[in-house]
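Written out below as structure tokens is the structure these notes cover.
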Amino acid sequence: MHFGPHLLLAALEGLVTAAVLALTALGLSLVFGVMRVVNVAHGEFFMLGAVLAWAISTAISGHPALGFLAALVLAPLIVSLIALVSERLVLRRLNYNPEATIVATIGMLYIIQQLALTFYGPEARPVEPPFSYRILLPWFGYSGYKLSIIAASALLLAATWFVLTRTKIGLVMRATRYDSETAQAFGIPVDRVYAGVFALGAMLAAVAAVLIVPISQAHYLMGQDPLLLSFIVVIIGGLGSLRGTLVAAVLIGLSDGIISVFFSPTLAKIIATLLVAMVLVFRPQGLFGTASR
Amino acid sequence: MKEASPSKAYALHLGVIVLLFALSFVLPEYHHGLLARIMVLAVFAMGYNMLFGYVGLLSLGHAMFFSAGLYGAGLAVIHLGWSVPAAFAAGLACGALLALVIGVLALRTSGVAFMIVTMMFAQVFYLIILYLAAWTGGDQGLVVPQSARVLVLGDTSLGLTNPTVRYMSALVLFSIVLLVTLAVVRSRYGRVLVAIRENEERTKMLGYDSFSNKLAAVVVSGTICAASGAAYALLFGYVGSTFASVQYSILPLLWVLLGGAATTLGPLIGTLFMYYVVDVTSGYTSAYLLIVGIALIALVLFFPKGILGTIRQRWLGWLP
């Protein structure tokens, strides 16, 4: 292949990464933005989504699309339920103290990871894609499923944007985020908003995982990479900024895809991580963030 | 915190050291080896505590300082054929230099951003180790040959693979670091660090330069962690990239929290306790991460001051 097609392929792969990353990072960003909680277990909610997708889709026989659709609905719901329970049992009792919640979510990370290893096992298992249609481009055929991931992610991001900026729920969330004490005084059940946001964040990660699992595989350690990348996206984009998250996800996804095709993937990660660390050092509020309060 | 009488505190610490010395003659072989390892790792926890406990900076990147010492010493022995003391010094120098650079950069941020920045620098360090697999052995790691692990002092040569020598070397390192920590936290400088932890703005207003004090704390902390890493490479003969991974940044946090942050003996107690919990439970179940996870959550929920911190709060106000 020539340079052009090669670049196109790398860009397409990068966009798929970006689509999944944007969803995962959005969850992390919402939780941090509204609750001021750094959810270190976010990657494990992602992993749970993938593992549950495998379990659900293998339990349902018949056309692969049937199992996949069931997984797409059920897995995020189960994950958000787990998140809800852990929020009630742990985070609320810590009064959302930033440092204590970091330690507690590290604990959750270990617990979820160990449970997945015990009940699911150390193997990586595939999930069959709901359809295997190839779209023929002039130089090569490209998986239609991968393109549909991008579309699904865009749809979900648009929906989240709509909820956040145009509905009452979004208004309540923004008010809580801006000043939780005043919000409480005006009769907003801050407590329940926090629980809902935490569950929503976990759900977004799980949806992203279900979408990606047919092209990667479900594995009990798969949460680590998205966690780190989501951190990177959230920070570069500026905490709590939806637009920033999106732009950063596309930036990171594309550059990761392109650099990994032309250079070593490890080198690509080193450069990306170092650059982001420097952004955070010299511009702590991120590219699109406003000064922290 | 009540004012500690110096003699009481020093007597307690010397007592702990004497106890550890005496234990080496009575412990069965298995626990003898385990305790040597625990002492080396307790040094790591003490280094972490210096920053987390006394300055209140939560870093998630200390695996980087530990492995700077580990690789600094290990690679000097393996590739350059350096002697044990020179390699140990090389490990310390690597850790101190790295801590200085990372400190200057990371201390521009604070709070959650500090945590994430340190985690990212540690991740870069980890990836570099994997990337330079030709020298570092990548994810396989390297074994330091037994023949190189001999400490020559004048006419006598001590093989570090000998259990007694290993235990005593670990004890010497542990004792030095324990006493240094005690001296630092009791000094004027230690008081400034605690003041920064409690109220940075007010400390600044009193005329202290909080940045350079914090930077010095990062360097001291990083050097102690590097000492632990260098000792680990030379005493146990294994240099591996797992020690640079995020888990090894989290473990010292766990040990310190368990034992009691901002107590001088807390890191030892935490490391000892956690190692034995894992050791005992791994006899019944392989799910040791589950125990670690539950321990972390239970600690922050019900026991935020750790074992020694609670003892100090309730009964022994004079504990350093």
Side-chain angles (χ1 to χ4, degrees), chain A residues 32 36-38 40-41 44 86 89-91 93-94 97-119 220 224-225 227-228 231-232 234-235 239 264-286 292, chain B residues 52 56-58 60-61 102 104-133 138-139 245-247 249-251 253-254 256-258 261 285-302 304:
Chain A
F32 186 82
R36 302 272 125 189
V37 164
V38 177
V40 186
E44 302 317 300
S86 50
L89 284 180
V90 180
L91 298 187
R93 295 192 190 189
L94 293 170
N97 167 345
E99 289 193 355
T101 49
I102 286 169
V103 179
T105 49
I106 290 173
M108 282 183 206
L109 179 157
Y110 280 148
I111 293 174
I112 296 173
Q113 208 171 74
Q114 182 68 56
L115 289 178
L117 176 63
T118 310
F119 292 106
Y220 83 103
Q224 297 303 305
D225 258 13
L227 175 69
L228 218 74
F231 266 140
I232 293 178
V234 169
I235 290 159
L239 288 162
S264 131
T266 315
L267 192 62
K269 267 194 205 132
I270 292 176
I271 296 170
T273 317
L274 204 58
L275 279 179
V276 172
M278 289 304 172
V279 168
L280 192 53
V281 166
F282 292 103
R283 202 182 145 75
Q285 70 273 37
S292 61
Chain B
F52 171 67
L57 286 169
L58 199 160
L60 280 183
I102 299 292
V104 168
L105 289 171
L107 282 176
R108 295 173 56 100
T109 64
S110 60
V112 171
F114 180 80
M115 181 198 95
I116 295 175
V117 164
T118 48
M119 187 170 86
M120 282 182 168
F121 281 127
Q123 185 68 13
V124 170
F125 193 79
Y126 173 67
L127 290 169
I128 288 175
I129 291 173
L130 293 186
Y131 187 66
L132 300 176
D139 50 8
S245 62
V246 184
Q247 272 98 314
S249 292
I250 293 173
L251 283 176
L253 170 66
L254 172 66
V256 168
L257 276 175
L258 183 60
T285 163
S286 58
Y288 106 90
L289 276 184
L290 190 67
I291 315 271
V292 174
I294 292 173
L296 274 173
I297 291 180
L299 274 173
V300 287
L301 273 181
F302 308 112

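Proteins get letters first, then strands, A, B, ... in listed order; numbering begins at 1 in each. These numbers were taken from a predicted model, which means no experiment stands behind them.
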Subject >> Max heavy-atom pair count under 4.5 Å with chain B, selected residue of A:T266, A:L115, A:T105 >> reply: A:T266
Subject >> A:T273 versus A:K269, closest heavy-atom pair with distance >> reply: OG1-O, 2.5 Å
Original post:
So which of B:L127, B:L60, B:V117 has the largest heavy-atom pair count under 4.5 angstrom toward chain A?
Top reply: B:L127
Original post:
Checking A:V38 against chain B: side chain, backbone, both or neither under 4.5 Å from a heavy atom?
Top reply: side chain
Original post:
What part of B:L105 is in contact with chain A, defined as an atom under 4.5 angstrom from a non-hydrogen atom: side chain, backbone, both or neither?
Top reply: both
**OP:** Identify which part of B:L290 has an atom lying under 4.5 Å from any heavy atom of chain A, answering side chain, backbone, both or neither.
**Re:** both
Subject >> Under 4.5 Å from a heavy atom of chain B, the part of A:L109 involved >> reply: neither
**OP:** Starting at CG of B:L296, measure out to CG of B:L258 and round the result to the nearest 0.5 Å.
**Re:** 9.0 Å
**OP:** Just jot down the ring-ring contact (aromatic ring centres under 6.0 Å, His included) partners of B:F52, sequence neighbours excluded, or say none.
**Re:** B:Y48
Subject >> Closest contact, heavy atoms only, A:L89 versus B:L301 >> reply: O-CD1, 4.2 Å
**OP:** Go through the atoms of B:L257 and report whether side chain, backbone, both or neither lie under 4.5 Å from a heavy atom of chain A.
**Re:** side chain
**OP:** Check B:V300 against A:A104 and note the closest heavy-atom contact, atom names and distance.
**Re:** CG2-CB, 3.9 Å
Original post:
For B:V124 and A:L274, which heavy atoms make the closest approach, and how far apart are they?
Top reply: CG2-N, 3.7 Å
Subject >> Largest heavy-atom contact set with chain A, pairs under 4.5 Å, which of B:L130, B:L253, B:I128, B:L107 >> reply: B:I128
Original post:
So which of B:I116, B:V246, B:T118 has the biggest tally of heavy-atom pairs under 4.5 Å with chain A?
Top reply: B:I116
Original post:
How long is the span from the OH atom in A:Y220 to the CG atom in A:L117, to the nearest 0.5 Å?
Top reply: 4.5 Å
Subject >> Top contributor to chain B contacts, counting heavy-atom pairs under 4.5 Å, from A:I232, A:I111, A:V90, A:T118 >> reply: A:I111
